[in-house]
Amino acid sequence: MTTVVDGNQPPSQASQPPLAGAAPASLPAGLDVSVVVPTYHERENLPALINRIESVARVSRLDLELLIMDDNSQDGTEELIAQLNKPWVRLIVRKANRGLSPAVMDGLRAARHARVVVMDADLSHPPEAIPAMLAELERGQEFVVGSRYVAGGSTDAAWGFLRWLNSKVATLMARPLTSLRDPMAGFFALRRADAQNVHLNPVGYKIGLELLIKCGFTRVTEIPIHFTDRTLGQSKLNLKEQLRYIQHLRRLFLHKYPDRSHLIQFIVVGLCGLGVNLGVLTLLLAMKMGLRPAAATAIGVSMLFNFALNRRFTFSYARRGRISRQLPAFVLACSAGAVINYFVTIAVALRLPADMFAGEQLAAFLGVVAGTGSNYLFNRYIVFHKRHHRHG
Ligand code: GDD
Ligand code: MN
C-alpha cells in the first residue's frame, strides 16, 4: 500500500531576491524537473535539503517538483512534510519492496516532469549543482553525474584511507563498463523518457550505474561537486551491500558483453585462483612444509577453487551437470593447458635473442596466455559444454 501526500504547484518564483551563484546562462526559464530523493530515517536532514532546493529553483526559475520516496521511516517525516505544506513537495511513503534502488525506480515512474535528478537526502550532494546538470541535459547529454572525481570535484577531508581505497577499487571494477570517473554516484540527471521501457534489475545500491548501462547511454558527462559527509543520521552502506555490488557488476557485464562474458569470467576466476595458489603456497612454506608438497598442494587447492567457481559462475548453465564427470575433465583440460603453456614458453624462449631483456619472462607470459586460451576452449566446449542448456 502506498500513501501519497502531494500537491501540484511549482515553488513560488516571484518576491524573494535571487541568491548568490546565478544559474548558467544557457538555462531557459521555467525548465521542468522532478527531483527524486530516496529517504530512510532522514527527517533531520529534510528541512535544510528542502530549503536549499527551493532557493535553487527560485534562482534558476525552475518548474521543480520534489519527490521524497520514503520507506515508511515513521520518524516524523510524514508529519514534517505535512506541516511544511509545500505544494511542490510530494512525499510518497513506500511500504512494499523497500530499498534505495526500488525507491528511485518508483520515483522515476511517479515523476511528472521530463527531466529527473536523483540525489541523496543527507546533504552529501549539493542541490546547487542541479542547474549545471540540467544545462548539460539541455546541451544534449543523456546522463549527467554530479562527480567527486573529476577536476574541481572533492570529498570531505575526513575520508580515511580505507574508505578512499574502497571507493577507488569499486570504481576501478566498473571501468570496463564505463569511462565515468564517478560511476558510483547517487547524484545524477537524465530524461525520464530514456528510462521508460528499460528493464531495470539492480542488485543493491547502484541504481545510477544500472541506469547508465541498461539505458545504453553514450552521451554521458560529469560535473564536479564537493561531496559533503553527512552530519546527521546514519549511512546504510555496509559489507553486505559491497558484496551485492560485485553481483550487480557481474550482471551488468553479462548485459553489456554477452559474447565475451564467459571468457572474462574465466580470466577473473583464473586471477583469483592465482591468488589462492600463492596464498596457500606462502602459508604452507611458512608452516615449514617442503617446497614440492607445498607447491603441489597449492596447485591442487587452486584447481579445485577454479573448478568450483567456473562451474558456479562462468559456465553456470552447466551447474546441473554431473561433478563426477566434470571434475576429472576439468583437471585433464588444465593439465593440457599446463603442457601447452610449457611448450609455448620453451619454444618462444629458445627463439628469442639470448641477451634480450626479460626474454624468459616474456616467453612465460605468452605461455600463460596460450595455456589459458586452450584451457578456456577445453572448458567451454568440452568440460562444461552445453547440452540442452540455454545460453546463461
Ligand atoms: N527509500 C529508501 N530506502 N531510501 C534509502 C534506503 C532504503 O532502503 N537506504 C538508503 N536510503 C537513502 C538515504 O536516506 C539517503 O538519502 C540515500 O538513500 C543514500 O543513503 P546513505 O546511507 O547516505 O548512503 P551513502 O552515503 O553510504 O552512499 C552514498 O554515496 C555512494 C557513493 O559513495 C549514496 O549516494 C550512494 O548512492 C552512492 O553510491
Ligand atoms: Mn550518505
Side-chain angles (χ1 to χ4, degrees), residues 4-13 19 21 23-24 27-40 42-43 45-71 73 77 80-81 84-94 100-138 141-147 185-196 207-208 211 222-223 225-228 230:
V4 182
V5 188
D6 68 7
N8 41 26
Q9 270 123 50
S12 54
Q13 289 173 1
L19 299 178
L27 219 53
L31 205 71
D32 62 307
V33 57
S34 299
V35 176
V36 172
V37 178
T39 63
Y40 190 65
E42 300 284 5
R43 186 203 64 242
N45 286 312
L46 289 177
L49 180 77
I50 291 172
N51 272 334
R52 283 171 64 181
I53 293 180
E54 188 164 32
S55 300
V56 167
R58 191 171 66 237
V59 172
S60 294
R61 291 171 298 162
L62 300 172
D63 179 6
L64 184 150
E65 70 165 353
L66 173 61
L67 281 97
I68 296 176
M69 311 299 297
D70 187 66
D71 278 9
S73 300
T77 295
L80 173 81
I81 301 300
L84 284 178
N85 190 26
K86 302 211 184 257
W88 56 279
V89 179
R90 296 163 65 194
L91 172 68
I92 299 185
V93 179
R94 307 175 66 254
L100 195 166
S101 292
V104 170
M105 284 154 62
D106 280 356
L108 285 170
R109 275 188 281 268
R112 294 184 175 139
H113 292 324
R115 300 161 194 80
V116 179
V117 171
V118 176
M119 66 189 294
D120 292 351
D122 59 1
L123 304 169
S124 288
H125 301 147
E128 292 71 24
I130 291 174
M133 294 166 81
L134 295 175
E136 291 297 334
L137 286 184
E138 285 307 279
Q141 300 289 353
E142 297 171 299
F143 192 77
V144 186
V145 170
S147 173
F187 191 21
F188 52 86
L190 70 164
R191 272 174 286 273
R192 188 166 56 97
D194 286 344
Q196 268 162 1
I207 181 66
L211 283 161
E222 293 171 274
I223 63 145
I225 63 155
H226 176 72
F227 185 99
T228 316
R230 71 158 69 233

Intermediate values then yes/no, side chain to side chain contact (heavy atoms under 4.5 Å, CB included), Leu62 and Leu134
CA-CA 10 Å; Leu62 300 172; Leu134 295 175; 3.8 Å; yes
Is any side-chain heavy atom of [Y] closer than 4.5 Å to one of [X]?
X	Y	result
Thr39	Leu46	yes
Ile53	Val89	no
Arg52	Pro126	yes
Asp194	Phe143	no
Glu42	Val37	no
Asp106	Ile92	no

Do side-chain atoms of Glu65 reach the backbone of Arg112 as a donor and acceptor pair under 3.5 angstrom?
yes
Arg115 side-chain N/O to Glu138 backbone N/O, donor-acceptor pair under 3.5 Å
no
Which pair of non-hydrogen atoms, one from [X] and one from [Y], has the smallest distance, and what is that distance?
X	Y	result
Trp88	Ile50	CH2-O, 3.7 Å
Asp32	His113	OD2-CB, 3.2 Å
Gly107	Leu67	O-CD2, 4.1 Å
Ala185	Gly146	CB-O, 3.9 Å
Leu49	Pro127	CD1-CG, 4.3 Å
Arg192	Leu108	CD-O, 3.3 Å

[atom1]/[X] to [atom2]/[Y] distance, rounded to the nearest 0.5 angstrom?
X	Y	atom1	atom2	value
Ser73	Arg94	OG	CZ	11.0 Å
Glu136	Glu222	CD	CD	11.0 Å
Gln141	Ile223	CD	CD1	11.5 Å
Ile81	Asp70	CD1	CG	8.5 Å

With sequence neighbours left out, what residues match Pro47 under side-chain contact (heavy atoms from CB on, under 4.5 Å)?
Leu80
With sequence neighbours excluded, residues passing side-chain contact (heavy atoms from CB on, under 4.5 Å) with Pro38
Leu100, Ala103, Val104
Using 30° and 60° as the class boundaries, would you call the ring planes of Phe187 and His125 parallel, tilted or perpendicular?
parallel
Given Asn45, Asp120, Leu123, the one that forms side-chain contact (heavy atoms from CB on, under 4.5 Å) with Arg230:
Asn45
Using side chain to side chain contact (heavy atoms under 4.5 Å, CB included), reason through Lys86 and Leu66 one step at a time and then give a plain yes or no.
CA-CA 10 Å; Lys86 302 211 184 257; Leu66 173 61; over 6 Å; no
Who are the side chain to side chain donor-acceptor pair (under 3.5 Å) partners of Thr228, not counting sequence neighbours?
none
